[in-house]
Enquirer: 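Handing you this structure, nothing more for now.
These figures come from a predicted structure and were not determined experimentally.
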Amino acid sequence: QVQLVESGGGLVQTGGSLRLSCTASGLAFTDYAMGWFRQAPGKERDGVACISYRSGGSSGYADSVKGRFTISRDNAKNTLYLQMNGLKPEDTAMYYCAAAKYSLCSASWVHGSYFTYWGQGTQVTVSS
């Protein structure tokens with residue numbers, strides 16, 4: 001049974017930082033590109049970042065988070081990370097990690113259909 005479990009969310013002030021983690025089990029973690037998505041109340045789920053199967057592999061970011069967020073992974077620990085700096089109120093959302101159907105992040109990674117397994121999410125709230 002595949003499980004993706006996110007942690008690290010919370011309440012932070014504007015300009016603050018958070019580090020999200022996603023621990024995977026039940027799958028060959030190194031076979032999958034991994035991604036982070038977010039969904040704010042009343043809005044669609046948006047792709048945030050994607051990283052290919054290798055630790056230190058190629059990555060992609062949504063324009064809204066470029067230069068502020070960094071995605072990384074530790075394949076030895078089956079764990080995905082999202083370092084979020086310079087947080088803004090508009091970053092407030094439920095954040096989900098996901099395992100892709102593929103090992104690389106193509107231009108299609110921004111679509112949820114690119115991913116096959118999903119976590120339950122962790123809430124990030126940024127106060128102004």
Enquirer: Got a sec, which pairs hit disulfide bond (SG atoms under 2.5 Å apart) with one end in residues 57-100, sequence neighbours left out?
Expert: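 Disulfide bond (SG atoms under 2.5 Å apart) check on residues 57-100 returns Cys22-Cys97.
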
Enquirer: Considering only residues two or more places apart or on different chains, which pairs with a residue in residues 42-51 satisfy salt bridge (charged side-chain N to carboxylate O under 4.0 Å, His left out)?
Expert: none

Enquirer: Please confirm whether the backbone N or O of Ser52 pairs with a side-chain atom of Arg73, one donor and one acceptor, at under 3.5 Å?
Expert: yes

Enquirer: Just to verify, what does Ser7 make a side chain to side chain contact (heavy atoms under 4.5 Å, CB included) with, not counting sequence neighbours?
Expert: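 With neighbours one apart ignored, the set is Ser21.
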
Enquirer: Go through the structure and list residues passing side chain to side chain contact (heavy atoms under 4.5 Å, CB included) with Cys105, not counting sequence neighbours.
Expert: Ala33, Cys50, Trp109

Enquirer: For Ser127, give me all partners under side-chain hydrogen bond (donor to acceptor under 3.5 Å, both in side chains), at least two apart in sequence or on another chain.
Expert: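 Ser127 satisfies side-chain hydrogen bond (donor to acceptor under 3.5 Å, both in side chains) with no residue once adjacent residues are dropped.
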
Enquirer: Check whether any side-chain heavy atom of Gln123 lies under 4.5 Å from a side-chain heavy atom of Thr92, and answer yes or no.
Expert: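 Yes, close enough: below the 4.5 Å cut-off.
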
Enquirer: Quick one: side chain to side chain contact (heavy atoms under 4.5 Å, CB included) partners of Val110, sequence neighbours excluded?
Expert: none

Enquirer: Measure the acute angle between the ring planes of Phe37 and Phe115, then classify it against the limits of 30° and 60° as parallel, tilted or perpendicular.
Expert: perpendicular

Enquirer: Using a side-chain heavy atom cutoff under 4.5 Å and only I, L, V, M, F, W and Y, what cluster partners does Met34 have?
Expert: Val2, Leu4, Val12, Leu18, Leu20, Leu27, Phe29, Tyr32, Trp36, Val48, Ile51, Tyr61, Val65, Phe69, Ile71, Leu80, Leu82, Met84, Leu87, Tyr95, Tyr117, Val124, Val126

Enquirer: What closest approach, in Å, do Ala100 and Thr116 show between heavy atoms, and which atom pair accounts for it?
Expert: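 It is O-CG2, 3.9 Å.
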
Enquirer: Applying salt bridge (charged side-chain N to carboxylate O under 4.0 Å, His left out) as the test, list every pair that has at least one member in residues 4-33; sequence neighbours left out.
Expert: none

Enquirer: Please identify each residue that fulfils ring pair (Phe, Tyr, Trp, His ring centres under 6.0 Å) with Tyr81, with sequence neighbours left out.
Expert: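 Tyr81 satisfies ring pair (Phe, Tyr, Trp, His ring centres under 6.0 Å) with no residue once adjacent residues are dropped.
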
Enquirer: Using the salt bridge (charged side-chain N to carboxylate O under 4.0 Å, His left out) rule, collect all pairs that involve residues 83-103, keeping only residues at least two apart or in two chains.
Expert: Arg38-Asp91, Arg68-Asp91

Enquirer: Can you name the side chain to side chain contact (heavy atoms under 4.5 Å, CB included) partners of Ser103, sequence neighbours left out?
Expert: Tyr53

Enquirer: Check whether any side-chain heavy atom of Pro89 sits under 4.5 Å from a side-chain heavy atom of Thr14, and report yes or no.
Expert: yes

Enquirer: For Lys66, give me all partners under salt bridge (charged side-chain N to carboxylate O under 4.0 Å, His left out), at least two apart in sequence or on another chain.
Expert: Asp63

Enquirer: I need the Thr125 OG1 to Met94 CE distance, nearest 0.5 Å.
Expert: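 It comes to 8.5 Å.
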
